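One structure is given here, and the rest of the page talks about it.
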Amino acid sequence: MASPDTGAPGAPATRPGPAHDAGHLPDEAGITRLVHAFYARARTDWLLGPVFAAAVDDWDEHLDTLVRFWSSVLLRAGSYRGNPMAAHRPLGLDDPHFARWLALWDRTAHEVLPRDQARHVFETAERIGRSLRIGLEIDPLRRLRRADDAPACLHRSPEPPSSPTDPDRGDASGAGAPAGSGPQPE
């Protein structure tokens with residue numbers, strides 16, 4: 001049989017790379033099972049349930065949207081058209097909501113999917129959750145930096161970093177070891 005990479009007649013069309021070996025990815029039926037099982041649990045959860053009760057009017061439509069979202073994220077199906085950041089912004093979420101969501105997602109994924117698939121969808125959800133928390137400005141690390149009066153981002157620091165010849169660095173001559181390298185022998 002001809003190699004799929006040669007383009008020889010009769011060779012199966014494949015794409016190289018991770019998408020070719022997709023055993024870690026659930027199919028759409030697995031995604032549907034996961035989404036439906038997870039949201040059945042989340043709707044009755046003590047912390048997440050009230051958020052969903054206030055935000056979702058049509059559960060059939062919402063579940064369909066979420067299956068399209070996760071199919072697009074995990075399978076690159078391209079079936080989701082939306083803005084998750086805008087959808088989550090008015091909900092008044094905080095870090096405990098994200099932690100609870102991830103814990104339930106992980107538990108449900110491990111109940112309805114094979115181990116490798118469950119791990120992959122959980123890691124993907126963690127990355128998405130991290131991005132949402134940053135975008136919604138509820139990232140705990142950002143909050144800690146702000147509490148310490150440190151800039152939220154170092155590239156937005158109000159003062160430029162010390163130069164190698166800065167006398168406040170402890171090296172009055174401006175020569176010697178770089179800042180932070182500790183005392184130097186004389």
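Residues take their numbers from the sequence shown, with the count starting at 1. Computed from a predicted model, the values in this text were never measured in an experiment.
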Side-chain H-bond candidate by donor/acceptor type, Asp106 with His110, under 3.5 Å: yes
N/O donor-acceptor pair under 3.5 Å between Asn83 side chain and Met85 backbone: yes
Heavy-atom closest pair, residues Gly78 and Ser72: N-OG, 3.4 Å
Heavy-atom side-chain proximity of Asp94 to His97 below 4.5 angstrom: yes
Under 3.5 Å: donor-acceptor pair, side chain of Ser71, backbone of Glu28: no
Side-chain heavy-atom pair Phe122, Arg119 within 4.5 angstrom cut-off: no
Heavy-atom pair with the smallest gap, counting every atom of Leu102 and Arg133: CD1-NH1, 4.2 Å
Result block: side-chain N/O donor-acceptor pairs under 3.5 angstrom for residues 40-54, not counting sequence neighbours:
unit_1, atom_1, unit_2, atom_2, d
Arg41, NH1, Thr108, OG1, 2.8
Arg41, NH1, Glu111, OE1, 3.4
Arg41, NH2, Glu111, OE1, 3.0
Thr44, OG1, Arg41, O, 3.1
Asp45, OD1, Arg100, NE, 2.8
Asp45, OD1, Arg100, NH2, 2.5
Asp45, OD2, Leu47, N, 3.0
Asp45, OD2, Leu48, N, 2.9
Asp45, OD2, Arg100, NE, 3.4

Residues Leu34, Val112; criterion side-chain contact (heavy atoms from CB on, under 4.5 Å); working and verdict: CA-CA 6 Å; Leu34 171 60; Val112 302; 3.9 Å; yes
Shortest non-hydrogen contact between Gln117 and Leu25, atoms and distance: NE2-O, 3.4 Å
Aromatic ring pairing Trp105/Trp70, orientation class (parallel under 30°, perpendicular over 60°, tilted between): parallel
Spacing of CZ belonging to Arg130 relative to CG belonging to Leu132, to within rounding of 0.5 Å: 11.5 Å
Side-chain heavy atoms of Pro26 within contact of Leu74, under 4.5 Å: yes
Partner of Val121 under side chain to side chain contact (heavy atoms under 4.5 Å, CB included), chosen from Ile31, Leu113, Val73: Leu113
CG on Leu104 to CZ on Phe38, rounded to 0.5 Å: 5.5 Å
Taking every non-hydrogen atom, the tightest pair across Ala86 and Pro90: O-CD, 3.2 Å
Side-chain heavy atoms of Thr32 within contact of Val67, under 4.5 Å: yes
Phe98 and His88 aromatic ring geometry - parallel, tilted or perpendicular at 30°/60° bounds: tilted
